Amino acid sequence: MKIFYNKTELNHRLNALKTNGNSIGFVPTMGALHQGHLSLVNEGLKKNTVVVVSIFVNPTQFDNKEDLVKYPRTLDRDVELLQSISEDSIIVFAPTVEDIYESKIQSQSFTFDGLEHEMEGAFRQGHFDGVGTIVKRLFDIVKPDYAYFGEKDFQQLQIIKKLVELHHLSVKVVGCPIYRADDGLAMSSRNTRLTKAHRSAAPFIYDTLKSAKYKFGTKSAKNVTEWVVEQFKNHKLLELEYFIIADTKTLKPVKRKSIKKSYRAFIAVYAGDIRLIDNIALN
Ligand code: PAF
């Protein structure tokens with residue numbers, strides 16, 4: 001498998017592939033790959049001759065320094081996992097921070113029609129400026145035909161679709177379903193940092209989302225939200241940061257339900273010092 005550590009060499013390879021009419025898929029990641037990432041790569045391989053997987057822990061999207069320092073970095077294992085899918089059709093791009101940011105590790109400022117102010121945007125200062133900066137740079141480098149993102153970060157997915165629309169980028173963004181462990185926990189690179197006790201407790205998050213979905217059939221968003229808050233109130237291991245039922249398109253919290261609109265419930269929970277997010281379509 002070919003691994004490129006800088007953009008110039010990657011560009012040469014991709015230009016040659018594009019000249020030969022190959023379609024390029026792209027899966028941006030921060031590494032510590034799991035089955036969720038691999039499902040994105042497999043989706044990409046269905047439609048493209050080559051899938052580029054970037055592995056880059058992007059410093060500008062972390063609002064918490066400790067989270068950045070402790071973020072798992074497992075390049076050798078990541079490459080092995082990708083090799084188990086395909087030797088020839090996957091290209092790994094693992095650039096250095098200098099290659100991406102040169103001497104200025106700073107994000108650009110973005111607006112995404114207000115999507116950036118909700119949920120993760122409200123709770124993680126500057127997060128979506130960091131995500132917008134890195135994804136736009138990576139799109140500029142890779143120039144993919146298709147790019148694949150998981151719905152676990154549903155807000156991020158909507159923001160990237162908006163980035164593409166507002167900046168007239170030619171890539172097509174494909175959202176892929178959340179990949180879950182057998183007990184329902186959404187796959188995340190951060191799961192590896194959970195203690196045994198927190199890992200055992202964590203499926204409670206998805207169980208609660210499923211119950212919230214059921215309740216939303218007959219109850220108001222306010223009632224369902226109060227019920228969820230109550231479930232976490234006395235939980236010994238999980239601390240609720242937010243539970244929000246929002247309009248799928250605008251991501252604004254729902255005030256009054258309408259049968260014409262589509263809604264999703266979003267949740268962020270602390271398991272010790274590990275922050276987990278998840279979401280579920282409600283209708
Ligand atoms: O979802 C992620 O892993 C990151 O936010 C992304 C899209 C790779 C940008 O760093």
Side-chain angles (χ1 to χ4, degrees), residues 4 7 10 25-41 43-44 51-64 67-75 77-78 81-82 90-97 99-101 105-108 110 112 115-116 118-121 123-142 144 146-164 167 169 171-179 186-193 251 266 268 274-279:
F4 293 93
K7 53 179 184 270
L10 176 76
F26 181 39
V27 178
T29 82
M30 297 205 297
L33 301 184
H34 49 66
Q35 292 303 320
H37 293 117
L38 301 190
S39 71
L40 303 182
V41 176
E43 203 50 41
V51 172
V52 178
V53 179
S54 64
I55 296 181
F56 179 69
V57 182
N58 174 36
T60 62
Q61 71 187 75
F62 285 80
D63 60 330
N64 176 337
D67 193 24
L68 170 62
V69 171
K70 291 193 173 160
Y71 201 86
R73 288 157 172 90
T74 56
L75 183 61
R77 196 181 153 272
D78 292 346
L81 278 176
L82 293 170
I90 299 173
I91 290 176
V92 174
F93 178 43
T96 60
V97 173
D99 194 40
I100 296 293
Y101 284 102
I105 306 176
Q106 215 175 59
S107 40
Q108 272 169 262
F110 286 92
F112 298 109
L115 296 174
E116 72 279 16
E118 308 300 330
M119 299 174 294
E120 292 301 284
F123 282 88
R124 299 180 68 189
Q125 277 307 308
H127 174 65
F128 287 121
D129 280 340
V131 169
T133 302
I134 186 63
V135 171
K136 186 156 185 306
R137 276 182 202 191
L138 290 169
F139 281 173
D140 287 344
I141 295 167
V142 177
Y146 294 89
Y148 299 83
F149 294 86
E151 286 186 345
K152 184 179 82 67
D153 297 294
F154 191 84
Q155 185 176 11
Q156 169 175 279
L157 169 64
Q158 300 297 78
I159 279 181
I160 287 161
K161 284 183 178 167
K162 192 54 81 178
L163 171 86
V164 167
H167 294 260
L169 309 178
V171 53
K172 286 170 208 69
V173 175
V174 182
C176 302
I178 299 175
Y179 202 95
M187 290 281 186
S188 161
S189 303
R190 290 186 173 86
N191 292 354
T192 57
R193 292 184 49 219
L251 301 183
F266 297 86
I274 310 300
R275 189 171 181 278
L276 301 172
I277 61 170
D278 201 347
N279 66 84

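Both counts, for ligands and for their atoms, begin at 1 and track the order of listing. Values below: all heavy atoms of this structure, side chains included; hydrogens, waters and symmetry mates excluded. The model shown is predicted, which means the values in this text are computed figures rather than measured ones.
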Checklist outcome for this item: Of all protein heavy atoms, the one nearest atom 2 (C) of ligand 1 is Q156 NE2, 3.9 Å
Checklist entry - Do Y71 and N58 have side-chain N/O donor and acceptor atoms under 3.5 Å apart? => result no
Next on the checklist: Check R193 with D67, please: is the shortest side-chain N to carboxylate O separation under 4.0 Å?
Outcome noted: yes
Next on the checklist: Only heavy atoms of P28, strictly under 4.0 Å: list the atoms of ligand 1 that pass.
Outcome noted: 8 (C)
Item to check | For atom 9 (C) of ligand 1, the option (of Q61, R137, K152, M30) bearing the nearest heavy atom | outcome: Q61
Checklist outcome for this item: Per-atom filter on ligand 1: closer than 4.0 angstrom to a heavy atom of I134 are 9 (C), 10 (O)
Return a table of donor-acceptor pairs under 3.5 angstrom between the side chains of residues 132-139 and protein atoms on other chains or two or more places apart.
residue : atom : partner : partner atom : Å
T133    : OG1  : Q108    : N            : 2.9
T133    : OG1  : D129    : O            : 2.6
R137    : NH1  : I100    : O            : 3.2

Checklist entry - So, do V51 and L40 sit near enough that their side-chain heavy atoms are less than 4.5 Å apart? => result no
Next on the checklist: For a 4.5 angstrom cut-off between non-hydrogen side-chain atoms, does L251 reach Q155?
Outcome noted: yes
Item to check | Distance filter under 4.0 Å to T29 heavy atoms, resulting ligand 1 atoms | outcome: 8 (C)
